[in-house]
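Okay, structure first, notes after.
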Amino acid sequence: MSKAKASVCPYCGGEVVCKDSSIIYGRSYGNVWICSNWPKCDAYVGCQKGTEKPLGRLANPELRYWKKHAHEKFDKLWKGGAMNRSRAYAWLSRTLNISLDECHIGMFDIDQCKAVCSAVQELRKTEGH
């Protein structure tokens, strides 16, 4: 998902830089891409362990909330055994009408995250997942 690495913050226009996550959490969990105007602009995204490869798009607190919420709902489908992970992502891509290659919650905007939550809720109602 290297396309997620932005050089300009979409929230404030600041430069986006790679730093150790201790700047945010007080201890290191690996790298993060973070707005250079942090903490005034609270936008960042974590990286895959041991790399500078972002786990998604730069996110402010509201988007981080919705990405976390969407993952909590969606991951229960495949972690709970209702379907395997591949099938769950195939279902989600069809439901959201996006390609499987673009179907990554880490790359979603707030509206897409809300759509994930609604879709999972509807599936649970209709199919008892």
Review point. Which word best sums up how the rings of His69 and Tyr65 line up, parallel for under 30°, tilted for 30 to 60°, or perpendicular for over 60°?
Key: parallel
Cluster check Leu58, Ile110: I/L/V/M/F/W/Y, side chain < 4.5 angstrom = no
In terms of heavy-atom contacts, Ala82 and Arg87 come closest through O-NH1, 3.8 Å
Using modelled atom types only, decide if a donor and an acceptor are shared between the side chain of Trp33 and the backbone of Arg57 within a distance under 3.5 Å. no
Distance col, row Leu92:CG vs Met83:CE, nearest 0.5 angstrom, shows 9.5 Å
Can you classify the ring geometry of Trp91 versus Phe74 as parallel (below 30°), tilted (30 to 60°) or perpendicular (above 60°)? parallel
For Glu102 and Phe108 the tightest heavy-atom approach is O-CE2, 3.5 Å
The complete set of side chain to side chain donor-acceptor pair (under 3.5 Å) pairs with one or both residues in residues 106-121, sequence neighbours excluded, reads none
Taken to the nearest 0.5 Å, the spacing of Leu123 CG from Leu77 CG works out to 6.0 Å
Residue pairs passing the side chain to side chain donor-acceptor pair (under 3.5 Å) test with at least one member in residues 10-25, sequence neighbours excluded, are Asp20-Ser22, Asp20-Ser28
Scanning both residues in full, the closest heavy-atom pair of Thr95 with Ala119 reads CG2-CB, 3.7 Å
Please lay out, stage by stage, how Arg64 and Asp42 fare under the test side chain to side chain contact (heavy atoms under 4.5 Å, CB included).
-> CA-CA 10 Å; Arg64 287 194 304 274; Asp42 190 11; 3.1 Å; yes
When rounded to the nearest 0.5 Å, the distance separating NZ of Lys53 from SG of Cys18 is 14.0 Å
Check: Is there a donor-acceptor contact under 3.5 Å from the side chain of Arg85 to the main chain of Trp78?
Finding: no
Minimal heavy-atom distance between Thr51 and Asn31, with the atoms involved, is O-ND2, 3.0 Å
Value for CG (Asp75) from CD (Glu72), rounded to nearest 0.5 Å, stands at 9.0 Å
Correct closest heavy-atom pair for Val45 and Pro54 would be CG1-CB, 4.0 Å
Closest non-hydrogen atoms of Gly14 and Cys35, given as atom of the first, atom of the second and distance, are CA-SG, 4.2 Å
Sorted by chain and number, sequence neighbours left out, ring-ring contact (aromatic ring centres under 6.0 Å, His included) with Trp38 holds for none
